[in-house]
Amino acid sequence: MSLRETIKSAFESMMFVWGEPLDSKVAADIFNIDRKEAYELFKELQMEYETQNRGIRIREIDKAFQFCTWEGNDEYIRKLCTPVKEKRLSQSAMEVLAIIAYKQPVTKAEIESIRGIKCDRVIEGLIKKDLIEEVGRSTGIGRPILYGTTKTFLKNFGFKNLNDLPRMEDISDVIRESEEGEAADPLQITLEIPNK
Amino acid sequence: MSLRETIKSAFESMMFVWGEPLDSKVAADIFNIDRKEAYELFKELQMEYETQNRGIRIREIDKAFQFCTWEGNDEYIRKLCTPVKEKRLSQSAMEVLAIIAYKQPVTKAEIESIRGIKCDRVIEGLIKKDLIEEVGRSTGIGRPILYGTTKTFLKNFGFKNLNDLPRMEDISDVIRESEEGEAADPLQITLEIPNK
Amino acid sequence: MVYKVKLDVFEGPFDLLVYLIENAEMSIYDIQVAEITKQYIEYVERMKRIDANLAGEFMVLAATLIEIKSKMLLPRRVSEDDQELMEDPRSELVQKLLEYKQYKLVAAFLEEQEERMQRIHTKPQEDLSVYTNEPDIYLNLDLVAFVKAFKLFLERKKTLEEVRERYRIIERQRMTIEDRIEQIKHLFIKKKRLKFGEILGGERTRQNVVLTFLSMLELMRQKAVKVRQHVNFGEIVITVNEKEMAAKEGNNR
């Protein structure tokens, strides 16, 4: 390696360990070269990372240099670093989803008349989670929105299509099977009564 | 950029942010590619940094990859700052670790028979430092605990995996070579006195 | 002090023995057992004065050495079948020492490797709080939970309807304390003294019991009746105070 190469390599190591912007003067002093020379070497390095389209780049802040990630990779960094938290649907969300799944396309008024309770917020939440969507307008008075389930819904439950939904008549069987499997106590089901 | 280039660039960013060794499986999942493909891309990157004599390099630990500085620049880094390092191991800890590394999985009794001395405390210390761990139970009388080395051992001692350890028969050669290379002063070996 | 350092430095009995053999420039394959045993025991004796516990661990090997020494003194006889020479009494020890030396080399190698790693530096993880503070919510949906919810809903719907049905009946029958007091007064026209059970009449619903009891208390407060209960949980007897009752009647009208 030439001297320039040696110094540049050392600058990379130093920047990497330093973390904070490394002043070109500080770096220059370690090799007894002048600041301008060090500055130019840093600029060369910066250019190398750029022309090679590296995922890490060198940025300059007031004649100091620092390694950072390339901004174009933000999405992947986010994917890597964002922890996933498991969440379950609330009982009421599950109910509304079930009604929509079995009665689609259905209006909010119909759902509310079945459940006897308002469900604007629940519907909003399900739309946000991409489990239901607007699928059209009813021809009735006020032309209310019709809701239906989404592809995400099918995917999440592992249904190929809507015909895959267990038939209403078979529902008890599905539950019985699963309970036998889990040895769950059927008496443990508690009925939630809305506190009004 | 081609897809390969995009992924490689992302891997660089991800490794940089992550700091710790980044598992090629975790990285692969972000792009929905298989582990083998991701592994190869990491190896390509590793090679690029090496052939370009970069001051930062990529090292492999158990199919995970991590940016680190090139060892040749240690001198300059130390002029800039004093990096915090783990305390070095005592002679007896090193002996026990050597036996475990090469004979694993191994029981405490086997280690003690090789060294001719009890080593409960040393084993405890090595477990605390996360260099060794229990890896199972022997089928022998009393089903004694079997010990093996950990990922931290690979990381701290700079091995890719256990196959990366030189063969026992070659070790004297390995040591001789490196001593000739460094012209190390044999008088500089200090004897540590266990403080009882 | 020199002694202490030298003694404590040995990692174990084999370490000490290997040192003594090398120091005496003996071949490990041809240990002069008598000489080495003498030196070994001398060392351990000195060690005892400093750390008896530690010395104890070295004593086992001393015993082994003495045993080997005594076997070495016996003439090398040919074994009973006149075929083979008996095994060299040192060979087992030599094997152990060789194995130990091998691992000592490995330890030296690891130490070197450790030193090398001290020259390689990594960087700490970046601050990930921007990401970790907002975890991705992953929806855990499974068919059974979905079906159960629906089933539960159907059942609940039935229960709710029953509740609503009853609610309507109660609603229809709801009566105020004032209404009840009027009814009770009518009862006192015929009889001056009544048991609580008699006032209650045939409708033993919780609602009627509570309503009647509250009405009775209200009449008591107005001094329109006197109430007696002779024993706990016994029959409550209500006696009308006709004057007051009439007065109230008058006021009310």
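All values derive from a computational prediction rather than experimental measurement. All chains are named by letter (A, B, ...) in the order of the sequence lines, taking the proteins before the strands, and each is independently numbered beginning at 1.
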query: Is R78(B) atom CZ crowded by more than 12 heavy atoms from other residues, nucleotides or ligands, each under 6.0 Å away?
result: yes
message: Side chains of E48(B) and Q52(A) only: does a donor on one sit below 3.5 Å from an acceptor on the other?
response: no
field: For S13(A) against G55(B), the heavy-atom pair lying closest together
entry: OG-O, 2.6 Å
- request: Classify the ring geometry between F16(A) and F67(B) as parallel (under 30°), tilted (30 to 60°) or perpendicular (over 60°).
  value: perpendicular
query: Is the number of heavy atoms from other residues, nucleotides or ligands under 6.0 Å of K43(A) NZ greater than 12?
result: yes
- request: Give a yes-or-no answer on whether the side chains of N73(A) and S9(B) include a donor-acceptor pair shorter than 3.5 Å.
  value: yes
query: If you round to the nearest 0.5 Å, how far is CD of E12(B) from OG1 of T69(A)?
result: 11.0 Å
- prompt: To the nearest 0.5 Å, what is the distance between CD (E5(B)) and CZ (R54(A))?
  reply: 8.5 Å
field: Atom pair CD1/CD1 of I56(A) and I56(B) - distance to nearest 0.5 Å
entry: 3.5 Å
- request: Name the member of W70(A), F31(A), F11(A) that forms the most heavy-atom pairs with chain B at distances under 4.5 Å.
  value: F31(A)
- prompt: About how many Å separate CD1 of I30(B) and NZ of K79(A), when rounded to the nearest 0.5 Å?
  reply: 7.0 Å
message: So for atom NZ, which belongs to K118(B), do other residues, nucleotides or ligands contribute more than 12 heavy atoms lying within a distance under 6.0 Å?
response: no
- request: Any chance you could lay out the side-chain contact (heavy atoms from CB on, under 4.5 Å) test for Y76(A) and T6(B), step after step, and finish with the verdict?
  value: CA-CA 11 Å; Y76(A) 310 117; T6(B) 304; 4.0 Å; yes
task: Give a yes or no on this: more than 12 heavy atoms of other residues, nucleotides or ligands lie within 6.0 Å of atom CD of E169(B).
output: yes
